[in-house]
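To find a chain, count down the sequence lines: A is the first, B the second, and so on, and within it residues start at 1. Here the structure is a predicted model, which means the values were calculated and not measured.
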Amino acid sequence: MDLQTLIYLFVGGSFALYIGIAVWAKAGSTKDFYVAGGGVPPFMNGMATAADWMSAASFISMAGLIAFLGYDGSMYLMGWTGGYVLLAMLLAPYLRKFGKFTVPDFVGDRYYSDTARVVAAICTVFISFTYVAGQMRGVGIVFSRFLQVDVNTGVIIGMLIVFFYAVLGGMKGITYTQVAQYCVLITAYLVPAIFLSIMTTGHFLPQTGMGATVIDPVTGQDTGVYLLDRLDGILTDLGFKAYTEGTKSTLDLFFITVALMAGTAGLPHVIVRFFTVPRVADARTSAGYALFFIALLYTTAPAVGVFARSNIIATVHNVDYAEAPAWFKTWEKTGLIKVTNMQPNADGKVILDMSRGAKENAVSVDRDIMVLATPEMAGLPNWVIALVAAGGMAAALSTAAGLLLVISTSFAHDILGKVVMKGKMTEKSELLAARIAAAFAVCVAGLFGIYPPGFVAQVVAFAFGLAAASFFPVIIMGVFSKRMNKEGAIAGMVVGLSFTFTYIVYCRFVNTDPSIWWFGISPEGIGTLGMLFNFVASYVVSSMTAPPPQHIQDLIEDVRIPKGAGAATHH
Amino acid sequence: MENGKDLELTPQNYWKENVRFLSILLVIWFVVSYGFGILLVEPLNAIRVFGWKLGFWFAQQGSIFIFLALIIVYARGMAKLDEKYGLGEEPTLKKK
């Protein structure tokens, strides 16, 4: 069967599955819609969280990013996984015990203030829209590359599918769809990685293959040279920094990692997943399952990065253009691989060269194609390529759907239901409002996909910094400090969010010269400083104002113990 | 209170034990990621384990495995603590 038919088959099959699940798990109540009825088993919830969390960026871009960054890529690997430790120990169990539908619910009740609730709801919507803007573009690109339509048509197809299951099924539909999407995406990621690992090092596991010795592709003999050493050697010969050494300053690396960790723990669409399990103990175990499922991909990604980087150099460095492999020509047509200033040498041959600053015939490779093109580079069978296509779409769609749901919930439940129409909305009208808000959010997200704002490449780091600087401290102190009051929390959120937002916007759009960065901290890492400011501001303001009332102190005591979580979900 | 020996099984003591347990785990979390992976990466890179420089291994793979182990230890330890203080919840049987 030819490649295109296989792609239609795999992608079409997986879509049919997702929609089937959405119909089966149709939401009947607001509780179904917001938190899937609160009865999702921890194992399933772990898978759904992993799919929710791993976006098109993780699936498509991360391995390529690490392949080009080398050691500096560690900030993504540690930052995005280390946040789960914070989430599991500092947030998930207590929020689950609190047992409402959303994070603004917690913030509003804990800080006995509708102002705090609205600020939290606005932060949620803002963070989620920033994040979803990148996802929808990702959906469009993946669709267009594999279904041979243009990017805008791709975005519209993606919108229709997300619309169908997010609006109809709510959280319940999304949860079970995400379980299926996780299975598709992880298979699609692991299969080519295992193939590559066996071909390069003879190791079945990419995780150990990365640190193993290279097998000579021609003779099939073990060369006794470690893969990482060989890569370091080639790169330094070409004038690059060694793969295992970084170029970023230690301080910047540190700040970015903290921002990504705290951001992960503060991302509203991830936190909300821990409201869907039956007990507090389940929230803890489900965070463990989530990290396990994420780690499967995140420990494979650096291996894929190393294999891909070595592969590209091996097949392209100093190779005659006429003898360049077929995949090279295919991707050259898309413009994602480029040869600059092509000139024949004295023999009349064009030699491709990977070295930096080469004036002639220098090859540049777009990072985002690493995962998608690797199966072709390694000459893997067509069904593997089709599988990767289905996996990329699963990753993009699951995250987009999770985010859209959080946006609609924040709007319908936190703003409309709890503040604007306080107490006057029936469950039925709130459910309708949530569905309308979801539909509206899909359209806005689609517009972001079709007319991408210029900052799309940076949005993920942007959203993380904002989550770290606004939510993370408020929730932590809501549980761990009985003294924190509403004045402190609001001041902290306002200071953290406005500082981080201003710094990012200024350094990205107004003055893009890195030499103005404070202490050399890049905009990706500034959320950490925003978070510290948030902690300081809330501490200072709260110690100057009255302590929270007795019933709030009782609430905090209650949130700290797991007993009675089941009852708390019933409003 | 049938198994109370050295300390009273009050929610306040449960919380204290919880915070102490958490602090130990978070110190390990900090040491393996920020300590071994970032701050001490250069000296650790002098140590070789198979094809890996040790600091690089912690930064790209080792810390993730340890994060996972920490959450498992945490979930188990807290389940024990819940039981000790009688504050846990029975698994509820729910359909789907």
Atom CZ of residue position B/Arg76 - does it have more than 12 heavy atoms of other residues, nucleotides or ligands inside 6.0 Å? no
Winner by heavy-atom pair count (cut-off under 4.5 Å) against chain B, out of A/Asp282, A/Thr208, A/Val258, A/Thr213: A/Val258
Give a yes or no answer on whether the side chain of A/Glu245 reaches the backbone of B/Glu42 with a donor-acceptor pair at less than 3.5 Å. no
Evaluate the side-chain proximity of A/Val85 to B/Tyr74: yes if any heavy-atom separation is below 4.5 Å, no if none is. no
What pair of heavy atoms forms the shortest contact from A/Gly288 to B/Leu68, and how long is it? O-CD1, 3.6 Å
Quick one: what part of A/Ala88 sits under 4.5 Å from any heavy atom of chain B, side chain, backbone, both or neither? both
Can you classify the ring geometry of B/Trp15 versus A/Phe480 as parallel (below 30°), tilted (30 to 60°) or perpendicular (above 60°)? tilted
Counting only heavy atoms closer than 4.5 Å, note whether B/Val49 contacts chain A via side chain, backbone, both or neither. neither
I'd like to verify something: which residue of A/Thr285, A/Thr257, A/Leu90, A/Thr250 has the highest number of heavy-atom pairs under 4.5 Å with chain B? A/Thr257
Reported CD1-to-CD distance for the pair A/Ile561 and B/Gln12, which is rounded to 0.5 angstrom: 9.0 Å
Steps toward side-chain contact (heavy atoms from CB on, under 4.5 Å) verdict (A/Gln207, B/Ile64): CA-CA 12 Å; A/Gln207 284 83 349; B/Ile64 301 180; over 6 Å; no
Leading residue by heavy atom contact count with chain A [cutoff under 4.5 Å; candidates B/Trp57, B/Phe58, B/Tyr34, B/Phe65]: B/Tyr34
Atom group of A/Val306 that falls short of 4.5 Å from chain B, counting heavy atoms: neither
Salt bridge (charged side-chain N to carboxylate O under 4.0 Å, His left out) between B/Asp82 and A/Arg284, worked out: CA-CA 12 Å; B/Asp82 288 353; A/Arg284 299 184 200 124; 3.1 Å; yes
Any side-chain heavy atom of A/Met261 sitting closer than 4.5 Å to one from B/Ser33? yes
Whatever's closer than 4.5 Å to a heavy atom in chain B on A/Asp72 counts as neither
Where on B/Leu25 is there a heavy atom nearer than 4.5 Å to chain A: the side chain, the backbone, both, or neither? side chain
Specify the closest pair of heavy atoms between B/Arg48 and A/Tyr226, including all atoms of both residues, with the distance to one decimal. NH2-CD1, 4.1 Å
What one should report as the nearest heavy-atom pair of A/Leu77 and B/Ala59 is CB-O, 4.3 Å
Examine whether an atom of A/Tyr243 lies under 4.5 Å from a heavy atom of chain B, and if so say whether it belongs to the side chain, the backbone or both; otherwise answer neither. both
Taking atom CZ of B/Phe50 as the centre, does the number of heavy atoms from other residues, nucleotides or ligands within less than 6.0 Å exceed 12? no
Working to the nearest 0.5 angstrom, can you tell me the gap between B/Gln61 CD and A/Met210 CE? 6.5 Å
Between A/Leu227, A/Leu253, A/Val225, A/Leu228, which shows the greatest number of heavy-atom pairs under 4.5 Å with chain B? A/Leu228
Take the angle between the ring planes of B/Phe56 and A/Tyr71 and call it parallel below 30°, perpendicular above 60°, tilted in between. tilted
Measure B/Ile38 against the heavy atoms of chain A and call it side chain, backbone, both or neither at under 4.5 Å. both
Residue part contacting chain B, namely of A/Tyr289, when any heavy atom lies under 4.5 Å: neither
Would you please test A/Met89 and B/Trp29 for side-chain contact (heavy atoms from CB on, under 4.5 Å) and show each step? CA-CA 11 Å; A/Met89 297 182 190; B/Trp29 164 83; over 6 Å; no
Full working for side-chain contact (heavy atoms from CB on, under 4.5 Å) between A/Arg560 and B/Asn18: CA-CA 9 Å; A/Arg560 289 178 175 182; B/Asn18 175 3; over 6 Å; no
Return the minimal non-hydrogen interatomic distance between A/Lys563 and B/Gly86, and the atom names on each side. NZ-O, 3.2 Å
At under 4.5 Å between heavy atoms, what parts of residues 290-299 of chain A are in contact with chain B? List them by residue number. A/Leu291, A/Phe292, A/Ala295, A/Tyr298, A/Thr299
Given that the side chain runs from C-beta out, which part of B/Phe21 has a heavy atom under 4.5 Å from chain A: side chain, backbone, both or neither? neither
Can you tell which part of B/Ser63 gets under 4.5 Å to a heavy atom of chain A, answering side chain, backbone, both or neither? side chain
I'd like to verify something: which residue of A/Gly82, A/Pro302, A/Ala281 has the highest number of heavy-atom pairs under 4.5 Å with chain B? A/Gly82
Part of B/Tyr14 within contact of chain A (heavy atom distance under 4.5 Å): side chain
